[in-house]
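The structure appears below as C-alpha cells.
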Amino acid sequence: MLDADFALFNVDQLVTVAPGCHPAARGDLGVIERGALAARDGTIVWVGPMEEFDRNVALAADALVVNTHGRTVLPGFVDPHTHLIFAGDRSGDFYARALGARYAEQLGSGGLMQTVDATRAASDDELLDLAYLRAETFLRYGTTTIEAKTGYGLTEADELRGLRVLTRLQHLSPLKIIPAFLGAHVVPAEFHGDARAYIEAVVSWLPAVRDHARFVDAWFDEGAFDVEDGRRVLSAARELGFELTAHANELGPHGGARAAAELQARSVDHVVYLDDADIEALRRNGTVAVLLPGTTFFLNHDTYAPARRLLDAGVRVALGTDFNPGTSYTQNMQFILTLAVLKLGMTPEEAIRAATVDAAAAVDLEDRVGSLAPGKSCNLAVFRLNHYRHIPYHYAMNTVETVVAGGQLVVDNGQIITQPLVTA
Ligand code: NIG
Ligand code: FE
C-alpha cells in the first residue's frame with residue numbers, strides 16, 4: 001500500500017500525458033476514464049482507475065481529497081516562454097497597430113525601450129508586486145510552471161535586479177519559476193546601435209548571472225541581433241555551463257534559428273520563418289521548437305509558425321504565451337491551445353502535449369513536471385468540462401476550477417487561496 005496525503009477521486013477524464021503510466025491509460029495523452037490520483041509530500045505516488053484506488057493507496061486521516069466528478073484533469077500547464085519582469089504598458093503601440101502600424105517599425109523607433117524605461121524606473125518591491133500578481137493569474141488559468149525572462153533591464157544592475165526579483169518570487173509563490181537571462185534582447189538606446197559593444201557587455205555579466213539563472217536567451221532577428229552577435233553570447237554562456245534558448249526568426253527569415261540549434265539550444269522560440277534546412281537543424285540537435293501563436297495574433301500578422309512541417313519532420317513542438325506588454329499581453333494557455341488548433345493546424349491532442357510534457361522538455365524539467373505519473377510533482381488543473389477536447393473549444397475563457405501546485409490547493413472554485421503579498 002502507498003501512503004498518501006492528497007487524492008483526486010472520480011475524475012471523468014484524467015489526462016496523464018503519460019501513456020505508459022497505467023494499463024488503463026489510453027491514447028497519446030494517456031487518458032484514464034473515471035480516474036483517480038494520489039500524492040504524498042507534493043509528489044504523485046499513484047494514478048489509475050477509481051475502482052483500483054482502495055487496493056493501492058492508504059489515505060491519511062487528514063488528507064486533502066478533491067472530488068472531480070464531471071471534470072477533466074490535466075497536468076498544470078507549463079508555459080516555457082514568458083517575459084514576467086516588466087513595468088508599465090504598451091497600449092499605445094497596440095492601438096497604433098490596430099490602425100495599421102507595424103511592429104517592426106515600432107521596434108525600430110524604440111517601442112520596446114518604453115518598457116525598459118518603465119522597468120528601470122520601478123522599485124524592486126514594485127517589480128515584485130507586479131510579478132506576484134501575475135504569478136497568481138498564471139495559477140488561476142491552470143499554469144503551474146513558467147520560464148520567466150529578464151530583458152527589460154539591459155544594464156548589469158537592472159538585469160541582476162530582475163533575476164533577484166524572480167528568486168524572491170520563487171520563495172513566495174507556489175508557481176514554479178525557471179529564470180532565464182535575456183540581456184541580449186535588443187541594444188539599449190545608450191549604446192547608440194553599437195551591437196558589438198553591447199554584446200561584449202552582456203558577456204561580461206554572465207559570471208554574475210550564474211547564481212540566478214540556468215538559461216541564457218538571445219533574440220536573433222532583423223531589429224535585434226545578427227547571427228554573429230547572438231552566437232557570441234550563447235557560446236560564452238554555454239562555456240559557463242548555462243542551458244541555451246533563443247528568440248529567433250520571429251519577424252522574418254534569419255540564420256539565428258539554425259545557429260542556436262547548432263549550439264544545442266534546448267529550445268528555439270517563435271520560429272515563424274523556417275526553411276527545410278532550419279527544420280532539419282532543429283531535428284538533428286533535438287532542439288524543441290517553442291511556438292507562440294498568441295504573438296502572431298496580437299501583432300495582427302498573417303503568417304503563423306509552420307507547426308505541421310515541424311511536427312511532420314519529427315521536431316518536438318511546445319507552446320507558450322510569450323506573455324509580455326509589447327507583443328503578447330496574455331497569460332492564458334487555454335487560449336493558446338485554441339490558436340494552436342485554429343492557426344497552427346495542430347490536433348487538440350498535439351496541442352495539449354505541447355503545452356505540458358513537451359513544454360517541460362523545453363525548460364529541461366520533463367522529469368518533474370508536465371505529466372501526471374508516479375514520481376512527478378503533484379501539479380494539476382481541474383477543468384469544469386467532461387472532455388479534454390472542450391478545452392481549446394472554449395476560447396479565450398477560463399474553464400479552470402481548481403489548481404493544485406506541489407500537492408497544495410492554490411485555486412479553489414476559480415479563486416486564488418494563497419496568501420496576498422505584503423511587501424511594505
Ligand atoms: O518575444 N521578440 C522579442 N521579445 C518579445 C517582445 C518584446 C517587446 O516588444 O516588448 C517577444 O515578442
Ligand atoms: Fe518572447
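Counting starts at 1 for both ligands and their atoms, following the listed order.
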Using a 3.5 Å cut-off and no angle test, enumerate the donor-acceptor pairs between side-chain atoms of residues 359-371 and protein atoms at least two apart in sequence or in another chain.
from   : atom 1 : to     : atom 2 : distance (Å)
Asp364 : OD2    : Arg214 : NH2    : 3.1
Glu366 : OE1    : Arg316 : NH1    : 3.3
Glu366 : OE2    : Arg316 : NH2    : 2.8
Arg368 : NH1    : Gly375 : O      : 2.8
Arg368 : NH2    : Ser377 : OG     : 3.1
Ser371 : OG     : Lys376 : NZ     : 3.1

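- Taking a cut-off of 2.8 Å, the protein N, O or S atoms nearer than that to the Fe ion (ligand 2) are His81 NE2, His83 NE2, His247 NE2, Asp322 OD1.
- With His185 as the partner, the ring pair (Phe, Tyr, Trp, His ring centres under 6.0 Å) test is satisfied by one option alone out of Phe225, Phe220, Tyr198, Tyr152: Tyr152.
- Annotation for ligand 1: atoms under 4.0 Å from non-hydrogen atoms of Asp322 are 1 (O), 11 (C), 12 (O).
- Near Tyr103, the atoms of ligand 1 lying under 4.0 angstrom from a non-hydrogen atom of the residue are 6 (C), 7 (C), 8 (C), 9 (O).
- Asp322 and Thr295 share a side-chain donor-acceptor pair at under 3.5 Å.
- The protein non-hydrogen atom at the shortest distance from atom 2 (N) of ligand 1 is Glu250 OE1, 2.6 Å.
- Nearest to atom 4 (N) of ligand 1 among the protein's heavy atoms is His185 NE2, 2.8 Å.
- Here His254 and His247 keep their ring centres 6.0 angstrom or further from each other.
- A side-chain N or O of Asp89 and one of Ser91 form a donor-acceptor pair less than 3.5 Å apart.
- When His394, Arg384, His390, Gln334 are each tested for a side-chain hydrogen bond (donor to acceptor under 3.5 Å, both in side chains) with Thr399, only one passes: Gln334.
- Every atom of ligand 1 with a heavy atom of Arg90 under 4.0 Å away is listed here by number and element: 8 (C), 9 (O), 10 (O).
- The nearest non-hydrogen atom to atom 10 (O) of ligand 1, considering only Tyr152, Phe298, Phe323, comes from Tyr152.
- Side-chain atoms of Asp269 and Ser267 form a donor-acceptor pair, as typed in the model, at a separation below 3.5 Å.
- Interface atoms of ligand 1 facing His83, defined by a heavy-atom separation under 4.0 Å, are 1 (O), 4 (N), 5 (C), 11 (C).
- Atoms of ligand 1 found under 4.0 Å from any heavy atom of His270 (numbered from 1 in listed order, with element): 1 (O), 2 (N), 11 (C), 12 (O).
- Under a 4.0 Å criterion applied to the non-hydrogen atoms of Trp219, ligand 1 contributes the atoms 2 (N), 3 (C).
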